[in-house]
Amino acid sequence: MSRSRAISSTPVAGSPQRGADADNGPRLDRAFLAGVARLTAGVSPAGLASLYAEWLMHLALSPGKQLELGEKYNRKMLRFGQYVQRLAANPGAEACIEPLTQDERFSGAAWQQWPYNLIHQSFLLTQQWWHNATTDVTGLSSEREHAINFITRQWLDRWSPSNSPWLNPEVSSVTLATGGQNLVQGWQNLLEDWERAVSGKPPVGAEAFRVGSELAVTPGKVVYRNALIELIQYAPTTARVHAEPLLIVPAWIMKYYILDLQPGKSLVEYLVDQGHTVFMISWRNPGTADRDLGMADYRRLGPMAALDVVTEITGCPRVHGVGYCLGGTLLSIAAAAMARDGDDRLATLTTLATQVDFSEAGELMLFIGESEVSFLESMMWEQGYLDGYQMAGAFQILHSNDLIWSRVIHEYLLGRRRSMNALMAWNADLTRMPYRMHSEYLRWLFLDNDLSGGRYLVDRRPVAIRDIEAPIFTVATTGDHVAPWRSVFKIHLLGDPHEVTFLLTNGGHNAGIISEPGHPRRHFQMHTLGKNDHYIDPDTWRGTMPERQGSWWPAWQQWLAEHSSGRVAPPPLGSDRHPPLDAAPGRFVRMP
């Protein structure tokens with residue numbers, strides 16, 4: 001898809017039209033689709049139907065695959081029958097199928113007792129058969145195969161016996177022991193959660209984690225504010241600081257304080273204590289009036305505006321740029337444009353869980369087809385933004401067993417509230433994304449992959465990651481379903497930068513990044529690819545690089561120190577031109 005087509009397919013509300021009659025049809029379509037989207041939680045019925053139709057058609061034209069599935073069905077029935085026979089003679093007989101390593105739904109001792117052992121073994125065999133039915137179908141592309149397999153897995157997880165009160169032995173046992181009070185309490189929990197959701201209140205327990213009191217408490221000042229960002233400068237804690245300051249650009253799909261979570265678990269606090277001058281962008285939560293803000297506005301009013309302020313306050317012409325998730329993608333775009341235009345203010349570029357090539361963006365890509373993007377555009381067109389709850393739902397589906405069904409079992413079937421923690425409270429502090437920006441982001445980056453293809457335009461001219469000459473430090477996490485580490489690894493293929501240091505740590509998209517020193521069971525691998533070194537593929541890289549125990553933060557901090565020019569006296573908080581406006585964490589982070 002060309003850029004001109006991408007732009008024309010995302011009309012901005014209020015743009016000139018050729019006449020009322022020409023506009024009525026598309027407006028009616030969008031209004032209708034927006035209504036449908038509310039009923040389907042943003043999932044396109046047309047896209048889903050076409051996916052299953054394509055799979056069925058290819059399966060119908062594959063008699064060999066049909067024969068194979070029939071044989072597998074018969075073998076599984078035989079295995080199950082033999083298992084039942086063994087159980088009759090030995091109640092502790094070995095299972096006929098073991099769940100996947102990460103599947104802990106049936107790990108309890110009660111699931112190994114009759115009849116629950118038969119129930120869960122039958123389910124696992126069924127799940128395995130459906131996996132076979134939706135993979136290796138002749139003529140079905142790998143992308144469509146992954147999509148149909150993923151969606152089918154979601155349906156199977158929905159009907160797992162663990163989610164049924166009469167098929168889950170733990171729920172049955174607690175129900176008998178309490179006379180059903182667990183279900184009564186679970187119903188009350190459900191009603192309370194529903195009331196809080198519709199009224200915009202935080203989840204139960206989040207009141208104990210308040211921004212500025214328990215969360216985001218590292219001292220600092222807001223030294224700049226425009227229509228889209230506040231810029232926070234943190235107070236120094238050392239007598240001397242590294243000359244080059246850090247500018248952190250978080251994603252606007254999350255509140256920035258994931259990086260300043262709590263004392264002892266704050267990346268900002270750690271960097272300040274190591275002698276770094278840290279500036280943080282805090283994005284304003286957009287509303288309907290901001291529907292026309294696009295990617296160019298986020299770049300111009302975000303990292304570029306902040307960079308001007310940072311260099312003016314500190315007097316240092318060079319800055320370490322740090323971007324997290326989508327903020328890292330935006331900072332990479334800005335860095336490529338700066339390199340193209342001869343702007344050398346970035347001393348280094350660090351990206352955390354960031355993609356710049358979206359060709360292997362993982363299971364999130366299952367939601368990014370033309371049908372789905374058009375459907376989301378219709379939903380956003382009506383309200384002017386993508387709501388945080390709508391966006392959070394897509395991320396939760398990626399971990400549905402952990403984030404959805406596990407909660408259903410514990411809080412609604414067992415009636416037990418899980419205790420809130422800081423990360424959960426932050427995760428529930430949802431944000432929105434403007435219609436135009438999110439449409440451009442989905443199309444230009446995810447759908448068309450323009451950035452890696454040299455088609456992404458900044459000021460009407462294309463930019464390329466290969467133009468960046470500043471040393472790059474890239475962090476990925478092994479359990480990341482938002483920015484899969486092999487996708488992040490593609491930074492090595494996008495040109496010939498001065499050097500790329502790639503670090504892979506265990507954990508997920510958020511927990512792997514918030515990995516403070518002393519965090520239990522943390523380990524990482526790290527390697528620097530110099531300008532004249534040969535490329536190593538990701539699997540070979542992971543299999544050959546030595547593993548280091550502990551947090552990755554000290555290794556990165558040492559790299560920053562090595563790429564700094566020495567120590568100086570701390571700069572003042574703000575300047576005559578940019579005096580302090582508010583104490584950190586500022587106003588924007590508190591916006592509902």
Do [Y] and [X] meet the salt-bridge criterion of a basic N to acidic O distance under 4.0 Å?
X	Y	result
R436	D290	no
R299	D459	yes
R225	E230	yes
R345	D308	yes
D297	R300	yes
R461	D341	yes
R587	D582	yes

Would you please classify the geometry between the [Y] ring and the [X] ring as parallel, tilted or perpendicular, with 30° and 60° separating the classes?
X	Y	result
F489	W485	perpendicular
F502	W541	perpendicular
Y324	H509	parallel
W252	Y298	tilted

- [ ] Report the C-alpha separation of H563 and E499 in whole Å, then their side-chain angles, then the decisive distance to 0.1 Å, and conclude whether the side-chain hydrogen bond (donor to acceptor under 3.5 Å, both in side chains) test is met.
- [x] CA-CA 12 Å; H563 289 81; E499 67 176 55; 3.2 Å; yes
Compare every heavy atom of [Y] with every heavy atom of [X], then report the nearest pair and how far apart it is.
X	Y	result
V356	N449	O-OD1, 4.5 Å
T505	G512	CG2-O, 3.7 Å
S565	A243	OG-CB, 3.5 Å
L247	L307	CD2-N, 4.0 Å
Y256	P585	OH-CB, 3.0 Å
L349	A335	CD2-CB, 4.2 Å

Any side-chain heavy atom of [X] within less than 4.5 Å of one from [Y]?
X	Y	answer
V249	V322	no
Y535	L493	yes
R340	V458	yes
Y257	L259	no
R542	T478	yes
L246	F279	no

TODO: Show the numbers, then the answer: is there a side-chain hydrogen bond (donor to acceptor under 3.5 Å, both in side chains) between T329 and Q355?
DONE: CA-CA 6 Å; T329 306; Q355 298 175 97; over 6 Å; no
Indicate whether any N or O donor in one side chain lies under 3.5 Å from an N or O acceptor in the other, for [X] and [Y].
X	Y	value
D260	S266	yes
T474	T351	yes
H320	T348	yes
R522	S551	no
H276	Q557	yes

Task: Residues E312, R577; criterion side chain to side chain contact (heavy atoms under 4.5 Å, CB included); working and verdict - done: CA-CA 9 Å; E312 192 276 333; R577 187 178 175 188; 3.9 Å; yes
- [ ] Among Y435, F446, Y456, find the one that has a ring pair (Phe, Tyr, Trp, His ring centres under 6.0 Å) with Y441.
- [x]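 Result for ring pair (Phe, Tyr, Trp, His ring centres under 6.0 Å) with Y441: F446.
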Ignoring hydrogens and angles, tell me if any N or O in the side chain of [X] forms a donor-acceptor pair with the backbone of [Y] under 3.5 Å.
X	Y	value
D533	G530	yes
H146	S142	yes
T354	L352	yes
T238	R240	yes

Rounded at 0.5 Å granularity, tell me how far [atom1] in [X] sits from [atom2] in [Y].
X	Y	atom1	atom2	value
F358	W444	CZ	CH2	13.5 Å
L326	W283	CG	CH2	8.5 Å
L451	L457	CG	CG	11.0 Å
L267	E269	CG	CD	10.0 Å
H242	L271	NE2	CG	9.5 Å
E440	M295	CD	CE	7.5 Å

- [ ] Verify salt bridge (Lys or Arg N to Asp or Glu O under 4.0 Å) between D448 and R443, making sure each step is shown before the conclusion.
- [x] CA-CA 6 Å; D448 297 343; R443 288 189 175 277; 6.0 Å; no
TODO: For the pair D273 and T237, evaluate side-chain hydrogen bond (donor to acceptor under 3.5 Å, both in side chains) and give the outcome as yes or no after the intermediate values.
DONE: CA-CA 6 Å; D273 288 345; T237 60; 2.9 Å; yes
Open item on the list: If you count heavy atoms of other groups shown closer than 6.0 angstrom to NZ of K265, is the number above 12?
Closed with: no
TODO: Flag yes if more than 12 heavy atoms outside D576 fall under 6.0 Å of its CG atom; otherwise flag no.
DONE: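 Open.
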TODO: Check the pair R486 / E360 against salt bridge (Lys or Arg N to Asp or Glu O under 4.0 Å), numbers first and verdict last.
DONE: CA-CA 8 Å; R486 287 179 177 83; E360 294 183 43; over 6 Å; no
Task: E244 vs V319, side chain to side chain contact (heavy atoms under 4.5 Å, CB included): CA-CA, chis, key distance, verdict - done: CA-CA 5 Å; E244 289 78 13; V319 176; over 6 Å; no
Open item on the list: Distance to the ring centre below 6.0 angstrom and angle to the axis at most 45 degrees; does that hold for R432 and Y385?
Closed with: yes
TODO: Begin with the C-alpha distance, continue with both residues' side-chain angles, and end with the deciding distance and a verdict on side chain to side chain contact (heavy atoms under 4.5 Å, CB included) for I472 and T501.
DONE: CA-CA 6 Å; I472 296 175; T501 300; over 6 Å; no
- [ ] Given side chain to side chain contact (heavy atoms under 4.5 Å, CB included), test M280 with V268 step by step and report yes or no.
- [x] CA-CA 9 Å; M280 173 77 74; V268 169; 3.5 Å; yes
